[in-house]
**Student:** 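Below: one structure in structure tokens.
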Protein chains: 2
Amino acid sequence: MSDVARLAGVSIKTVSRVVNNEPSVHTETAAKVLAAIERLGFRRNLGARNLRRGSSSGIIGLVLEDVANPFYSGLTRAVEEIARATGRHVLTGSSDEDQDRERELTLEFCARRVDGLIMIPAGERHGYLVPEMQAGTPVVFVDRPAGDIVADTVLVDNIGGAAAAVTHLAAHGHRKIGFLGDAEEIFTARERLRGFREGCGNAGIPFDPRLVAMGPHTQEGITAIVREFVLGPTGATALVSGNNRITVNVVRAIAGLPRRPALVGFDDFELADLLDPPVTVVAHDADALGSAAANLLMARLDGDTSAPKRQTLPVRLVPRGSGETPPP
Amino acid sequence: MSDVARLAGVSIKTVSRVVNNEPSVHTETAAKVLAAIERLGFRRNLGARNLRRGSSSGIIGLVLEDVANPFYSGLTRAVEEIARATGRHVLTGSSDEDQDRERELTLEFCARRVDGLIMIPAGERHGYLVPEMQAGTPVVFVDRPAGDIVADTVLVDNIGGAAAAVTHLAAHGHRKIGFLGDAEEIFTARERLRGFREGCGNAGIPFDPRLVAMGPHTQEGITAIVREFVLGPTGATALVSGNNRITVNVVRAIAGLPRRPALVGFDDFELADLLDPPVTVVAHDADALGSAAANLLMARLDGDTSAPKRQTLPVRLVPRGSGETPPP
DNA sequence: CCGCACGATGACAACGATGTCCAGCACCAG
DNA sequence: CTGGTGCTGGACATCGTTGTCATCGTGCGG
């Protein structure tokens with residue numbers, strides 16, 4: 001900046017006035033300054049600026065499980081859009097479902113003085129966030145609630161969705177329904193299992209623990225379970241899968257079976273409509289989750305100090321065929 | 001920090017020593033300081049620290065077309081991993097293929113003093129980056145080259161891949177092959193078209209401009225073109241699609257046709273193996289692109305000042321069935 | 001018993017930018 | 001000619017942190 005001032009023959013302060021578009025600068029002087037800026041390729045240091053002005057950093061921290069998962073990348077995009085509308089950018093980090101890594105990432109973001117945090121929490125303990133929140137960094141939890149603190153949260157109706165999946169299958173005559181869910185440590189997995197049980201209860205289907213598998217996540221593991229459910233003594237005629245990745249694995253597993261069970265998956269995914277048969281899913285919108293969270297955060301940044309909110313976004317069952325196969 | 005110093009009864013400099021783990025602090029003093037830090041929930045301001053130390057910001061800027069596109073989100077993840085290995089984070093921004101937006105994002109990132117930039121460029125003009133690069137911000141272009149400057153670049157073998165697609169189809173007896181590509185403004189689209197022509201030449205197939213469509217990107221538009229190619233006077237028996245999104249649309253379009261043409265898609269995508277028929281693709285690895293770019297960038301950050309490099313990553317044809325349908 | 005090295009601590013400036021406040025200057029009305 | 005007014009431009013402090021250097025005991029070898 002002082003280089004620019006020297007080249008333009010003015011003081012540093014005048015340069016500052018020009019880059020900040022302050023009105024009280026002679027047009028001619030401003031032109032000289034701009035020319036010098038252009039010539040030297042000067043760009044003001046936003047970090048220093050924010051430090052001096054005490055203004056916010058203009059960065060939102062987004063901590064999620066894995067940006068590469070299409071579900072989260074959709075959410076990321078939605079957050080980015082809303083951040084952009086207020087002139088902010090998004091710093092992303094993947095926790096890989098690892099509590100320590102989540103914590104490390106999050107605190108690092110705080111040290112960078114992000115304006116706010118949006119988190120898909122990996123762990124159950126978030127006490128470490130309390131000082132940050134007290135210091136004024138708003139935090140919004142998405143998809144899963146915080147472990148042991150109260151904070152803004154945006155969830156989807158996991159229970160209702162899983163129950164609806166069972167209801168749908170029951171309406172097509174199924175009574176032996178298997179559930180393949182994510183690891184029980186994960187909030188959404190527990191909730192969806194609970195919804196599954198509720199759905200069974202509503203449909204008058206006795207809950208059979210042999211038809212529940214939580215946690216497998218490899219193609220091999222899931223194939224084995226699907227075979228066991230369908231071909232084993234439990235004789236499942238239908239399956240509910242607990243998330244998009246499990247669904248995909250289940251679809252692959254089913255393709256190799258002599259008798260194909262009906263299937264309803266939790267989470268929508270691209271091409272579900274093009275598979276054979278097209279996969280019926282409990283859909284919910286990653287965009288909507290991201291937008292809701294970002295909007296909540298923005299409200300906090302605008303000064304909303306009301307009590308922490310918990311939103312639950314609706315899901316909808318999208319019948320495409322795979323859930324409508326009747327039992328043999 | 002001064003609050004911590006006051007509470008611990010030491011000078012501000014001693015606090016600094018403690019948070020920086022400098023050895024020459026009495027254990028007892030350090031303990032007092034740490035207690036005060038804990039008590040006040042102090043976290044040092046990384047921005048101020050970097051300003052004072054003149055050290056790098058520890059942030060990599062990643063400008064791409066759309067984080068929500070699985071192809072780019074995979075790339076993002078790969079970049080994140082390599083950034084993490086050197087203690088850095090990733091600031092992402094979507095340009096939506098808009099040149100101005102790209103420029104705005106990029107310069108904003110520069111003003112934040114990112115350590116380096118990785119860009120999937122939207123436009124053809126990147127002169128605006130010259131001052132930044134001269135100022136020492138390394139820039140790596142990925143997937144598409146820079147418009148009018150020389151810089152590190154990582155590409156995939158678009159020409160070879162598209163030619164291989166034609167060769168594959170020709171080997172199965174096809175002579176009337178249609179090409180649906182992205183808009184011609186996009187580098188990869190042009191390259192792939194060029195590869196398509198080369199492939200035709202190699203196979204002794206006369207190039208028919210009526211069988212080329214560049215730019216349509218809606219389901220309706222693509223469906224119309226596919227119908228025209230296959231059912232119209234040109235009577236295409238096979239199609240090559242220019243990117244993952246077009247492929248998906250083409251698959252949908254084909255599903256509604258009385259006679260299904262063979263298909264090879266450029267870009268692999270999840271579930272391609274589960275469609276009916278499974279889609280043969282020219283695959284290349286988003287991870288590999290991201291890693292290569294990030295590694296190049298890291299080398300620059302480690303002081304590599306050699307001439308700009310251009311890497312071309314190989315592609316491979318993954319036959320799954322859709323390209324092996326013989327012509328009727 | 002002196003001086004010296006060494007460990008521990010603090011005062012101060014500086015990173016790059018901006019807010020505050022004041023001085024200079026032209027211009028105009030009185 | 002004077003004082004006010006409206007612009008401009010500059011000196012200085014400051015944001016939170018760290019590098020440099022100085023200070024101050026204290027223990028130890030000579």
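So you know, we letter chains A, B, ... as the sequences are listed, proteins then strands, and number each from 1.
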**Student:** Can you sort out which residues in residues 29-47 of chain B have a heavy atom within less than 4.0 Å of DNA chain C? Ascending by number, please.
**Tutor:**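 B/Thr29 - these, ordered by number, are the residues of the stretch whose heavy atoms sit under 4.0 Å from the strand.
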**Student:** What salt bridge (charged side-chain N to carboxylate O under 4.0 Å, His left out) pairs are there with at least one residue in residues 65-76 of chain A, not counting sequence neighbours?
**Tutor:**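 Residue pairs passing salt bridge (charged side-chain N to carboxylate O under 4.0 Å, His left out), neighbours aside: A/Glu65-A/Arg245, A/Asp66-B/Arg77.
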**Student:** Just the endpoints, please: which first and last nucleotides of DNA chain C, 5' to 3', lie under 4.0 Å from a heavy atom of chain A?
**Tutor:**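 From 5' to 3', the first and last contacting nucleotides are C/dG16 to C/dC21.
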**Student:** Classify A/Glu28 by what it touches in the nucleic acid, base, sugar-phosphate, or nothing, heavy-atom distance under 4.0 Å.
**Tutor:**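 It contacts nothing in the nucleic acid.
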**Student:** Would you sort out whether B/Asp96 and B/Ser94 count as a side-chain hydrogen bond (donor to acceptor under 3.5 Å, both in side chains), showing the intermediate values?
**Tutor:** CA-CA 6 Å; B/Asp96 272 331; B/Ser94 304; 5.9 Å; no
**Student:** With distance as the sole criterion, is a donor-acceptor pair present between the side chains of B/Asn50 and B/Ser55 under 3.5 Å?
**Tutor:**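 Indeed, the side chains of B/Asn50 and B/Ser55 share at least one donor-acceptor pair under 3.5 Å.
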**Student:** Sort and list the pairs that fulfil side-chain hydrogen bond (donor to acceptor under 3.5 Å, both in side chains) and have at least one residue in residues 130-142 of chain A, not counting sequence neighbours.
**Tutor:**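 Every pair satisfying side-chain hydrogen bond (donor to acceptor under 3.5 Å, both in side chains) with a residue in residues 130-142 of chain A: A/Glu132-B/Arg43.
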**Student:** Out of curiosity, B/Ser57 OG to B/Arg88 CZ, how far, rounded to the nearest 0.5 Å?
**Tutor:**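 Rounded to the nearest 0.5 Å, the OG-CZ separation comes out at 8.5 Å.
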**Student:** Looking at DNA chain D, which of residues 4-17 of chain A put a heavy atom within less than 4.0 Å of it?
**Tutor:**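 When residues 4-17 of chain A is checked for heavy atoms under 4.0 Å from DNA chain D, the hits, listed by number, are A/Val10, A/Ser11, A/Lys13, A/Thr14, A/Arg17.
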**Student:** Treating B/Arg144 as the side-chain partner and B/Phe141 as the backbone partner, does any N or O pair qualify as donor plus acceptor under 3.5 Å?
**Tutor:**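 Such a contact is absent between B/Arg144 side chain and B/Phe141 backbone.
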**Student:** Sequence neighbours excluded, which residues qualify as side-chain contact (heavy atoms from CB on, under 4.5 Å) partners of A/Ser291?
**Tutor:**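 Counting only residues at least two positions away or on another chain, A/Ser291 forms a side-chain contact (heavy atoms from CB on, under 4.5 Å) with A/Ala78, A/Ile82, A/Asn295.
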**Student:** Select base, sugar-phosphate, or nothing to describe what B/Asn50 touches, counting heavy atoms under 4.0 Å on all strands.
**Tutor:**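 Result for B/Asn50 = nothing.
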**Student:** With a 4.0 Å heavy-atom cut-off, tell me which residues in residues 51-61 of chain B come close to DNA chain C, sorted by residue number.
**Tutor:**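 Correct list: B/Leu51, B/Arg52.
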**Student:** Restricting to side-chain contact (heavy atoms from CB on, under 4.5 Å), what partner residues turn up for B/Ser16, sequence neighbours left out?
**Tutor:**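 Counting only residues at least two positions away or on another chain, B/Ser16 forms a side-chain contact (heavy atoms from CB on, under 4.5 Å) with B/Met1, B/Lys13, B/Asn20.
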**Student:** With sequence neighbours left out, write down each residue that passes ring-ring contact (aromatic ring centres under 6.0 Å, His included) with B/Tyr72, or none if nothing qualifies.
**Tutor:**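 Partners of B/Tyr72 under the ring-ring contact (aromatic ring centres under 6.0 Å, His included) test: none.
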**Student:** Looking at residues at least two apart in the chain, or sitting in another chain, which of them share a ring-ring contact (aromatic ring centres under 6.0 Å, His included) with A/Phe71?
**Tutor:**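 A/Phe71: ring-ring contact (aromatic ring centres under 6.0 Å, His included) contacts with A/His284.
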**Student:** So which pairs with a foot in residues 27-61 of chain A pass ring pair (Phe, Tyr, Trp, His ring centres under 6.0 Å), sequence neighbours left out?
**Tutor:**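 Checked against ring pair (Phe, Tyr, Trp, His ring centres under 6.0 Å) - neighbours excluded - no pair reaches residues 27-61 of chain A.
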**Student:** Pair up each side-chain donor or acceptor in residues 123-131 of chain B with any protein partner under 3.5 Å, not counting sequence neighbours, and list the distances.
**Tutor:**
residue, atom, partner, partner atom, Å
B/His126, ND1, B/Gly147, N, 2.9
B/His126, NE2, B/Glu102, OE2, 3.1
B/Tyr128, OH, B/Glu102, OE2, 2.6

**Student:** I'd like to know if the side chain of A/Ser95 and the backbone of A/Leu64 have a donor-acceptor N/O pair within less than 3.5 Å.
**Tutor:**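 Side chain of A/Ser95 to backbone of A/Leu64: a pair is present.
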